[in-house]
Each structure stands twice: as C-alpha cells, then as structure tokens.
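Okay, so here's the structure we're looking at.
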Amino acid sequence: MEPVAVGLIGAGPWARMAHAPMLAKGPHTRLAGVWARRPENAALLGAPVYTRVEELFDACEAVAFCVPPSVQAEFAVRAARAGKALLLEKPLADSLEGARRVADAIAEAGVASQMVLTLRYATQTRTFLARCGQIEAFGGHAANISGSLLGDHPFATPWRLERGALLDVGPHVIDLLDAALGPITGVRAHGNPLGWTGLLLEHEGGAVSEASLCMAAVGDLPPATVAVYGRTGNAVLLPVVEDPLETIAEEFAQTVRDGGGHPLDAAHGLRIQRIIAEAESQLAP
C-alpha cells in the first residue's frame with residue numbers, strides 16, 4: 001500500500017520528538033511537508049516547508065497537528081473543509097465550543113479523523129483494558145503526578161501554564177477510566193488545575209472512579225498508574241514502556257484508507273472535552 005502523504009502543522013518540541021519522526025519513518029505514512037508559524041523551526045524537521053497552509057493542504061492527503069489546542073481548533077476546521085483526513089492531538093480544542101466546531105466540520109466534510117491519545121495504542125494498555133472487561137469492574141483510581149509545569153521543562157508551555165493538568169493530562173486519564181469502567185455519565189471536581197485536581201467520575205452501569213492530577217509536584221514522584229477493581233479480580237496499568245507511535249501511524253494510515261471508522265475519532269475527543277469542560281466549571285479560579 002502506498003504510504004499516506006501527511007502534512008504536519010506545528011514544529012515545536014513534541015513535533016520534533018514525536019510527530020515528525022513518526023510520520024517520516026514509514027512504511028505506512030510519509031511526511032509530505034510542514035507548516036508552522038516559525039518557518040525556521042519547520043525547516044529543522046527534514047521535510048518541505050510551506051509558507052501558506054493552503055499549499056500544505058495541496059501537497060497531502062491528511063494533516064497531523066502538533067500545536068496548542070486553540071490553534072488546532074482553528075486549522076482543523078480549515079483542513080476538514082479542504083477534504084483532508086485529520087490526526088488530532090489531545091485535547092481537541094481549548095474550549096467545548098471549539099471542540100464542537102472541529103467535530104461538526106469533520107462530520108460535515110465526511111473526512112476521517114483520529115485522536116493521538118497515545119496510551120491507548122500501547123499493547124500494555126490494550127491488555128489492561130481487555131482484563132478490565134473480564135473482572136466485572138465496579139471501581140477504580142488513576143493518578144498522574146508530575147512537575148511538568150515547573151522550571152524550564154519543555155512542556156511548560158503557555159497554554160499548559162494557563163490551564164494546567166486537567167486540560168493537558170486529563171484527556172489521557174479520563175479516556176482510560178472511561179474505556180476501563182464504561183462511559184462516563186457524571187463528574188465532580190475539586191481543587192485547582194494549576195495545583196492539585198481531584199475528580200470523582202460516575203460511569204454508565206454504576207461503576208465509580210477517582211482521578212488525581214497534578215503537574216506542579218516536586219521531588220521523587222510516584223509513577224502514573226491506573227487501577228481497576230472488580231467482583232472477580234483487578235487490573236493495574238503501570239507506566240507504559242513501549243513506544244506506541246508506530247502503531248498510531250499504522251492505524252491512522254488504515255483509517256485514511258478506510259475513510260474513517262477509528263474508535264478514537266473526533267467525536268470521541270468531543271465527548272472527553274465535555275467531561276473536562278464540566279470539571280473545569282466546578283474548580284476554583
């Protein structure tokens with residue numbers, strides 16, 4: 001199968017570390033070009049640099065995004081209307097309204113989409129989720145504690161410093177608990193997204209779970225974990241040790257060829273964004 005030609009929007013640290021190498025490596029995709037607001041950064045990624053985003057659209061079948069959520073929301077709509085399949089970062093947007101605009105544009109254009117909820121593509125995670133489906137799960141807990149907002153950490157970017165852990169790592173944690181215990185139907189939140197955020201989640205079928213999120217901790221920190229408990233056993237997801245990027249590229253290429261159908265599509269991203277928006281509305285300013 002011919003590799004899918006993917007254009008990349010964004011040339012920041014995560015684009016350099018993940019998206020550009022993933023798309024360029026093949027054999028399922030090829031990096032057709034890059035557009036970024038700083039062309040000098042785009043030139044470092046080893047692909048043609050386009051000064052107009054419309055020129056990038058003309059050079060590719062699909063578009064991947066590695067930009068702040070507000071920028072993704074703007075350009076994803078334009079890419080969908082140009083008929084391009086979309087590989088989207090989490091969160092889908094910086095607001096619920098922005099996420100709706102993206103999801104609506106994708107639905108109206110009838111293009112394929114897929115979210116880069118990285119952990120979901122790892123074999124370790126998929127084994128964990130299969131186990132959760134076997135134990136009659138009724139509850140669980142997740143913790144994601146780091147110091148990523150502190151000092152000169154590469155991910156201490158303006159949008160993360162403004163919105164904190166809930167918008168950044170929240171999608172990963174919420175998505176995993178949703179997949180492990182059933183669709184989330186209710187959320188109660190307390191704390192502060194720039195300090196400590198606690199979530200109590202209610203799931204379809206009666207299960208409940210808690211999540212603890214923090215990106216402002218110091219010292220020797222515990223690993224991120226998800227634990228689920230059931231009537232016939234339990235399941236624990238420890239830090240993922242494999243690199244799932246090749247799987248993301250392979251599944252995205254198949255999604256593009258199929259014209260859609262991936263379970264982690266923009267509609268799924270919108271559902272996660274609704275939960276985040278409800279939690280944010282309950283937190284202290």
Side-chain angles (χ1 to χ4, degrees), residues 90-92 96 99-100 103 114-146 164-193 195-215 221-242 244 247 251 261-284:
K90 58 80 200 166
L92 191 55
L96 182 56
R100 285 197 190 102
Q114 187 172 316
M115 298 290 298
V116 182
L117 288 158
T118 319
L119 297 175
R120 289 289 296 277
Y121 297 88
T123 303
Q124 187 177 336
T125 304
R126 290 174 171 178
T127 300
F128 162 77
L129 292 175
R131 169 69 176 161
C132 291
Q134 299 168 351
I135 61 174
E136 299 180 32
F138 57 79
H141 177 262
N144 192 307
I145 314 301
S146 76
L166 181 56
L167 195 64
D168 185 20
V169 298
H172 288 303
V173 172
I174 291 168
D175 171 64
L176 283 173
L177 289 171
D178 182 88
L181 289 159
I184 293 168
T185 58
V187 56
R188 283 177 277 171
H190 64 95
N192 186 315
W196 189 278
T197 300
L199 304 177
L200 175 61
L201 304 171
E202 299 172 354
H203 299 260
E204 188 177 283
V208 294
S209 62
E210 293 90 25
S212 300
L213 311 173
C214 180
M215 295 173 66
L221 300 173
T225 57
V226 182
V228 170
Y229 302 90
R231 293 175 180 83
T232 62
N234 63 80
V236 178
L237 178 63
L238 297 173
V240 171
V241 295
E242 69 179 277
T247 301
E251 293 191 11
H262 198 280
L264 302 181
D265 61 4
H268 180 76
L270 174 59
R271 193 163 67 82
I272 298 300
Q273 192 104 26
R274 287 195 185 102
I275 297 165
I276 291 171
E278 175 59 27
E280 282 189 318
S281 72
Q282 301 174 30
L283 296 176

Inset, instruction - Keeping the roles fixed (side chain from Gln282, backbone from Val187), state whether a donor-acceptor pair exists under 3.5 Å. - result: yes
Legend entry - Nearest heavy-atom neighbours spanning Phe128 and Val236: CD1-C, 3.7 Å
Inset, instruction - Could you walk me through whether Leu96 and Arg274 pass side-chain contact (heavy atoms from CB on, under 4.5 Å), step by step? - result: CA-CA 6 Å; Leu96 182 56; Arg274 287 195 185 102; 3.5 Å; yes
Legend entry - Test of ring centre spacing under 6.0 Å for His172 and Tyr121: no
Inset, instruction - Provide the closest heavy-atom pair for Gly269 versus Leu92 in the form atom of the first, atom of the second, distance. - result: C-CD2, 4.0 Å
Legend entry - Exam field: side chain Thr125 to backbone Leu119, donor-acceptor pair closer than 3.5 Å: yes
Inset, instruction - Take Gln134 and Thr232 through the side-chain contact (heavy atoms from CB on, under 4.5 Å) test and state the conclusion after the steps. - result: CA-CA 8 Å; Gln134 299 168 351; Thr232 62; 6.0 Å; no
Inset, instruction - Using a 4.5 Å cut-off on heavy atoms from C-beta on, say whether the side chain of Pro263 contacts that of Arg120. - result: no
Legend entry - Pair Thr185-His203, side-chain donor/acceptor within less than 3.5 Å: no
Inset, instruction - State, yes or no, whether a side-chain contact exists between Thr197 and Cys214 at a heavy-atom distance under 4.5 Å. - result: no
Legend entry - Chi angles and distances behind the side-chain contact (heavy atoms from CB on, under 4.5 Å) call for Gln114, Asp265: CA-CA 4 Å; Gln114 187 172 316; Asp265 61 4; over 6 Å; no
Inset, instruction - For residues Ala137 and Cys132, report the shortest heavy-atom separation together with the two atoms involved. - result: CB-O, 4.0 Å
Inset, instruction - Identify whether the distance between the nearest side-chain nitrogen and carboxylate oxygen of Arg126 and Glu251 falls below 4.0 Å. - result: yes
Legend entry - Pairing of Lys90 and Asp168 as salt bridge, 4.0 angstrom limit: yes
Inset, instruction - Apply the test side-chain contact (heavy atoms from CB on, under 4.5 Å) to residues Leu176 and Leu237: give CA-CA distance (whole Å), side-chain angles for both, the deciding distance (0.1 Å), then the verdict. - result: CA-CA 10 Å; Leu176 283 173; Leu237 178 63; 4.0 Å; yes
Legend entry - Sequence neighbours excluded - salt bridge (charged side-chain N to carboxylate O under 4.0 Å, His left out) pairs with any residue from residues 176-189: Asp178-Arg271, Arg188-Glu202
Legend entry - Main-chain N/O of Thr123 paired to Glu242 side chain as donor or acceptor, under 3.5 Å: yes
Legend entry - Met115 side chain near Asp175 side chain, heavy-atom distance below 4.5 Å: no
Inset, instruction - Look only at the side chain of Ser209 and the backbone of Gly139, and say whether a donor-acceptor pair between them is shorter than 3.5 Å. - result: no
Inset, instruction - Mark yes or no for whether Gln273, through its side chain, and His268, through its backbone, hold a donor-acceptor pair below 3.5 Å. - result: no
Inset, instruction - Please tell me if the side chains of Leu270 and Arg100 come closer than 4.5 Å, counting only heavy atoms from C-beta onward. - result: yes
Inset, instruction - Measure the spacing between CD1 of Ile145 and CG of Leu221 and express it to the nearest 0.5 Å. - result: 8.0 Å
Inset, instruction - Please report the shortest heavy-atom distance between Ile135 and Gly233, naming the atom on each side. - result: CD1-O, 3.6 Å
Inset, instruction - Say whether, by atom type as modelled, one donor and one acceptor occur between the side chain of Glu278 and the main chain of Ala189 under 3.5 angstrom. - result: no
Legend entry - Thr225 side, atom OG1; Asn144 side, atom CG - distance, nearest 0.5 Å: 9.0 Å
Inset, instruction - Measure the shortest side-chain to side-chain distance between Phe138 and Leu181 over non-hydrogen atoms and say whether it is less than 4.5 angstrom. - result: no
Inset, instruction - Compare every heavy atom of Leu213 with every heavy atom of Ala165, then report the nearest pair and how far apart it is. - result: CB-CB, 4.0 Å
Inset, instruction - Indicate yes or no for a side-chain donor-acceptor contact from Arg131 to the backbone of Asn234 under 3.5 Å, with no hydrogens or angles considered. - result: yes
Inset, instruction - Identify the two heavy atoms, one from Pro171 and one from Leu117, that lie closest to each other, and give their separation to 0.1 Å. - result: O-CD2, 4.0 Å
Legend entry - Beyond-backbone contact of Pro223 with Leu238, side-chain heavy atoms, under 4.5 angstrom: no
Legend entry - Beyond-backbone contact of Leu199 with Ile174, side-chain heavy atoms, under 4.5 angstrom: yes
